[in-house]
Structure formats: structure tokens, C-alpha cells
Amino acid sequence: MIKARVTVTLKNGVLDPQGKAIEGALGSLGFEGVGHVRQGKVFDLSLEGTDKVKAEADLKSMCEKLLANTVIENYTIAID
């Protein structure tokens with residue numbers, strides 16, 4: 001069994017209204033000095049098998065087809 005984590009974030013230059021809202025809310029809660037908040041998504045997956053090369057190829061395909069909108073998002077893959 002292979003465990004993996006895919007982290008998806010917006011590309012630099014893409015507006016992040018949710019990040020801006022979080023930044024404003026943190027300021028309202030008294031957390032001063034917080035800036036440039038960007039939000040993202042994390043996917044934890046378990047894949048059958050032990051071939052890490054195949055797992056990475058499959059994960060890239062999953063990201064390209066479903067998990068990330070590659071026009072506006074970047075993704076990183078970490079395999080344990």
C-alpha cells in the first residue's frame with residue numbers, strides 16, 4: 001500500500017478571494033500582521049501496490065484529469 005498526499009494551490013497571479021476573506025477574518029480576530037494568505041486543497045490517498053514510479057504517474061494523471069485545474073492551479077505530490 002502506498003500513501004500519498006497531493007497539495008493543490010492557486011498559481012501566482014491568480015486572484016484568491018477566499019484567501020483574502022481568510023486574511024480579513026484573521027485580522028478581525030486580532031491576529032495582526034498576517035498577510036498574503038493563499039488557500040488550497042489537500043488530498044490524502046492510499047494506492048494499492050508497491051510500485052512508487054507507477055503510483056507517481058497515476059497521481060499525476062489524477063491531478064491533470066480531476067484533482068487540479070491546471071490552468072489556474074499548481075500541484076505537488078508527496079509519496080510515503
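Leu10 is not connected to Leu67 by any chain of hydrophobic side-chain contacts under 4.5 Å among Ile, Leu, Val, Met, Phe, Trp and Tyr, and they are in different clusters. A single hydrophobic cluster is seen to contain both Val34 and Leu29, as judged by linkage of ILVMFWY side chains at heavy-atom distances under 4.5 Å, directly or through other members. With hydrophobic clusters built from ILVMFWY side chains whose heavy atoms lie under 4.5 angstrom apart, Ile79 does not share a cluster with Met1.
No side-chain heavy atom of Thr9 sits less than 4.5 Å from a side-chain heavy atom of Glu73. With a 4.5 Å cut-off on side-chain heavy atoms, Thr76 and Val8 do not count as touching. A heavy-atom distance below 4.5 Å is not found between the side chains of Lys11 and Ile72.
Closest of all the heavy-atom pairs between Gly27 and Glu32 is O-OE2, 3.4 Å. Residue Glu56 comes nearest to Ile77 through the heavy atom pair O-CD1, 4.3 Å, listed as atom of the first residue, atom of the second, then distance. Considering every non-hydrogen atom in both Leu59 and Ala4, the closest pair reads CD1-CB, 3.5 Å. For the pair Leu47 and Met62, the tightest heavy-atom approach, listed with the atom from each and the gap, is CD2-CE, 3.9 Å. When every heavy atom of Val37 is checked against every heavy atom of Leu26, the shortest pair comes out as CG2-CD1, 4.5 Å. Considering all non-hydrogen atoms of both residues, Val6 and Tyr75 come closest at CG1-CB, 4.4 Å.
In terms of modelled atom types and a separation under 3.5 Å, the side chain of Glu23 and the main chain of Gly19 share no donor-acceptor contact. With hydrogens and angles ignored, the 3.5 Å screen pairs no side-chain donor or acceptor of Lys65 with any backbone N or O of Lys60. At least one donor-acceptor pair closer than 3.5 Å links the side chain of Ser28 to the backbone N or O of Gly24.
For the atom pair CG (Asn69) and SG (Cys63), the distance works out to 12.0 Å, reported to the nearest 0.5 Å. With rounding to the nearest 0.5 Å, the separation of CD in Gln39 from CG in Asp16 is 5.0 Å. How far CD1 of Ile22 is from CZ of Arg38: 11.5 Å, rounded to the nearest 0.5 Å.
Ion pairing between Asp58 and Lys54 holds under the 4.0 Å rule for side-chain N and carboxylate O. Look at Asp44 and Arg5 and you find a salt bridge, because one of the NZ, NE, NH1 or NH2 atoms lies within 4.0 Å of a carboxylate O, short of that distance.
Around NZ of Lys20, the count of heavy atoms belonging to other residues, nucleotides or ligands within 6.0 Å does not exceed 12.
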